[in-house]
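Reading through the structure tokens given below for one structure.
On a predicted model such as this, the values are computed, not experimentally measured, just so you know. The first residue of the sequence shown is numbered 1, and numbering continues consecutively from there. Atoms within each ligand, like the ligands themselves, are counted from 1 in listed order.
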Amino acid sequence: HLPTIYVITPTYARLVQKAELTRLSQTFLHVPQLHWIVVEDSSQRTDLVSHFLEHSGLVFTHLHIPTPQDRKLQEGDPNWLKPRGVEQRNEGLRWLRENIWAGETAEGVVYFADDDNTYSLQLFEEMRWTQRVSVWPVGLVGGMRYEGPVVEQGRVVRFHTGWRPSRPFPLDMAGFATSLRLVLRNPEARFDGNSPMGFVESSFLQGLVTMEELEPKAEMCTKVLVWHTRTEKPKMKREEALQAQGLGSDS
Ligand code: UDP
Ligand code: MN
């Protein structure tokens with residue numbers, strides 16, 4: 001039988017949230033044996049996400065953990081200042097470690113999928129048989145058309161990136177998956193929210209795997225199957241003007 005793909009998705013309340021979750025869930029509906037772990041950045045599960053998941057048709061686990069105020073990006077901060085979704089991804093890891101038995105039956109893969117990226121169905125079949133950590137390119141990221149591992153004779157030898165290629169693992173969050181067994185056998189592996197910018201992925205992967213052990217997927221890392229797309233924040237100028245006149249939708 002197929003190994004289960006556990007997809008951990010941090011998400012937070014904003015105008016586009018339901019649109020993002022709709023797009024994502026309808027991709028996942030096409031993927032066999034997928035278990036979606038949705039982790040809200042909030043002090044409680046929200047009704048919006050609860051209701052959404054119940055009607056999604058997916059196998060899911062609904063978690064929540066708020067990002068501490070001092071770790072949150074403030075209005076106007078440049079987005080590179082603080083990493084986002086760190087506590088939520090760690091909460092997903094905690095759930096896996098407490099709820100999946102670390103025996104031989106723990107066949108599965110763990111993938112961190114942000115709610116705004118774009119995922120090809122092919123990507124999930126590439127990652128499904130991961131032994132330790134599999135890797136592939138990510139499109140539209142880091143100020144580049146794509147970033148990703150460079151493969152020679154079947155091994156990852158370096159990374160194609162526009163910035164600090166000497167980082168331990170200069171990979172985007174969307175550019176790797178780990179076997180469930182590796183996650184369960186290394187209970188201390190987690191994302192460090194205090195890592196300098198661009199080092200969050202490395203903080204998790206360091207100690208789990210070496211560059212030589214990385215398993216290149218997507219035709220030896222020559223194909224882009226996931227894109228780091230970002231959704232424009234919708235402007236609510238007219239909505240707010242109507243509200244000010246007392247003509248808003250909830251008046
Ligand atoms: N996220 C979150 N809380 C926040 C901001 C973001 O949980 O305050 C989630 C978001 O929904 C996404 C992930 O963290 O799944 C990464 O955030 P974002 O896509 O904004 O990061 P970027 O694309 O800029 O790296
Ligand atoms: Mn994003």
- prompt: Does Arg155 come within less than 4.0 Å of Glu212, counting only side-chain N to carboxylate O?
  reply: no
Filter the ligand 1-protein atom pairs down to N or O on both sides and distance under 3.5 Å, then list them.
from     : atom 1 : to     : atom 2 : distance (Å)
ligand 1 : 3 (N)  : Asp41  : OD2    : 2.7
ligand 1 : 8 (O)  : Asp41  : OD2    : 3.4
ligand 1 : 8 (O)  : Lys72  : NZ     : 3.1
ligand 1 : 11 (O) : Pro10  : O      : 3.3
ligand 1 : 11 (O) : Asp115 : OD1    : 3.0
ligand 1 : 11 (O) : Asp115 : OD2    : 3.0
ligand 1 : 15 (O) : Pro10  : O      : 2.7
ligand 1 : 15 (O) : Asp115 : N      : 3.0
ligand 1 : 15 (O) : Asp115 : OD1    : 3.3
ligand 1 : 19 (O) : Asp116 : OD1    : 3.2
ligand 1 : 19 (O) : Asp116 : OD2    : 2.9
ligand 1 : 20 (O) : Arg84  : NE     : 3.4
ligand 1 : 21 (O) : Arg84  : NE     : 3.0
ligand 1 : 23 (O) : His228 : NE2    : 3.1
ligand 1 : 23 (O) : Arg230 : NE     : 3.4
ligand 1 : 24 (O) : Arg84  : NH2    : 2.9
ligand 1 : 24 (O) : Arg230 : NE     : 3.2
ligand 1 : 24 (O) : Arg230 : NH2    : 2.8
ligand 1 : 25 (O) : Arg84  : NH2    : 3.4

- line: Which of Phe60, Phe28, Tyr6, Phe124 passes ring-ring contact (aromatic ring centres under 6.0 Å, His included) with Trp36? Answer is Phe28
- prompt: Is there a side-chain contact between Leu96 and Val110 (heavy atoms, below 4.5 Å)?
  reply: yes
message: Strictly by ring pair (Phe, Tyr, Trp, His ring centres under 6.0 Å), give each pair with a member in residues 174-226 just once, sequence neighbours left out.
response: Phe112-Phe191, Phe112-Phe204, Phe191-Phe204
Nearest non-hydrogen partners of Val183 and Arg97, listed with the distance: O-NE, 3.2 Å
- prompt: Does the ring centre of Trp95 sit less than 6.0 Å away from the ring centre of His35?
  reply: yes
- request: Answer yes or no as to whether an N/O/S atom of Asp116 is found below 2.8 Å from the Mn ion (ligand 2).
  value: yes
